[in-house]
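Have a look at the structure below before the remarks.
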Amino acid sequence: MCEICHYVPCLSGCPNAPDPPTAFRCHRCGEAIYPGDEYARVDGVEYCESCIDNYPYCVLIPLLGGEWKTVQEGEIIKCSDCEDILPAGTEYGIVDGEILCEECIDEIPYCDLVTRMGHDWNTSSEEDIYDGYDG
C-alpha cells in the first residue's frame, strides 16, 4: 500500500504513480505522446503538437512536402489566397500547389495544414499503445 495515497496501485494523481503508457514518442523532441494528445504523422513518423506548432514555416512547409521560397528581384509572385503581389525578398510557401504568403499560411490551423498536404493529424487513443502483440 502506498504511504501517500493509501492505494495499490497508486491513484493517477499520486506522486508515486507510474507514468501512464505512451502511444508514441515525438520524432523531433522525444517527448511522450499520450492517449488524448493530438499529433501529426508525417511520412510514417509521429510529431507532437508542440513541435509542429514551433517549427518555423521555412522548416515545416518542406517537411510536409511543400516548398519554401523567397521572391527574387524581377519576379511577380501573387498569393493565391489574399491575392497580394509579394515584394522582392518576401518569403512564401507552396502548399498543395498554391502559392501562399506567410500571413495566409498563418491563418491555416496546423491540423488543416498537415492534412491538406497529405499527412495525418490524429488524436492518440488507448488503442495506439503497443501491447507487444503484432498479430
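Glu83 places no side-chain N or O within donor-acceptor distance of the main-chain N or O of Asp81, the cut-off being under 3.5 Å. In this structure, the side chain of Ser80 engages the main chain of Ile99 through a donor-acceptor pair within 3.5 Å. Of the possible donor and acceptor atoms, none in the side chain of Asp37 sits under 3.5 Å from a partner among the backbone N and O of Ile33. At distances below 3.5 Å, at least one donor-acceptor pair connects side-chain atoms of Asp128 with backbone N or O atoms of Ser125. Checked by atom type and distance alone, the side chain of Glu98 never pairs as donor or acceptor with a backbone atom of Val95 at under 3.5 Å. Checked by atom type and distance alone, the side chain of Thr115 pairs as donor or acceptor with a backbone atom of Cys111 at under 3.5 Å.
Hydrophobic clustering, with ILVMFWY side chains joined whenever heavy atoms are under 4.5 angstrom apart, groups Ile61 together with Val45.
Here the CD1 atom belonging to Ile94 is positioned 4.5 Å from the NZ atom belonging to Lys69, to the nearest 0.5 angstrom. Summarising the geometry, atom SG belonging to Cys79 is positioned 5.0 Å from atom CG belonging to Leu100; distances are rounded to the nearest 0.5 Å. How far OH of Tyr92 is from SG of Cys58: 14.5 Å, rounded to the nearest 0.5 Å. For the atom pair CG (Asp84) and CD1 (Ile77), the distance works out to 13.5 Å, reported to the nearest 0.5 Å. A distance of 7.5 Å separates CE of Met1 from NE2 of His6, quoted to the nearest 0.5 Å. Rounding to the nearest 0.5 angstrom, the gap separating the CG atom in Asn54 from the CZ atom in Arg28 is 7.0 Å.
Checking each of Asp43, Asp96, Val42 against Leu64 for a side chain to side chain contact (heavy atoms under 4.5 Å, CB included) leaves exactly one that passes, namely Val42.
The side-chain heavy atoms of Glu91 and Tyr57, taken from C-beta on, include no pair separated by under 4.5 Å. No side-chain heavy atom of Leu113 sits under 4.5 Å from any side-chain heavy atom of Ile52. Using a 4.5 Å heavy-atom cutoff, the side chains of Val59 and Pro56 are in contact. Contact check for Ile85 versus Ile76: side-chain heavy atoms found under the 4.5 Å cut-off. Using a 4.5 Å heavy-atom cutoff, the side chains of Thr22 and Arg25 are in contact. Contact check for Cys82 versus Cys101: side-chain heavy atoms found under the 4.5 Å cut-off. Counting heavy atoms from C-beta outward, Phe24 and Ser124 have side chains that approach closer than 4.5 Å. Side-chain contact check for Trp68 versus Glu102: some heavy-atom pair is nearer than 4.5 Å.
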Show your reasoning for whether side chain to side chain contact (heavy atoms under 4.5 Å, CB included) applies to Leu60 and Ile105. CA-CA 11 Å; Leu60 180 61; Ile105 292 171; over 6 Å; no
Show, in sequence, the C-alpha distance, side-chain angles and deciding distance for Asn122 and Glu38, and conclude whether the side chain to side chain contact (heavy atoms under 4.5 Å, CB included) test is met. CA-CA 6 Å; Asn122 299 307; Glu38 291 187 33; over 6 Å; no
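Here Tyr47 and Tyr39 keep their ring centres 6.0 angstrom or further from each other.
The heavy-atom pair separating Pro15 from Ile4 by the smallest distance is CG-CD1, 3.9 Å. Scanning both residues, Pro35 and Pro21, for their nearest heavy atoms gives CD-O, 3.6 Å. Annotation for Cys26 and Cys51: closest pair SG-SG, 3.7 Å, computed over non-hydrogen atoms. Of all non-hydrogen atoms in Met117 and Gly65, the two that sit nearest each other are CE-C, 3.9 Å. The shortest non-hydrogen separation linking Pro87 to Val71 is O-CB, 3.5 Å.
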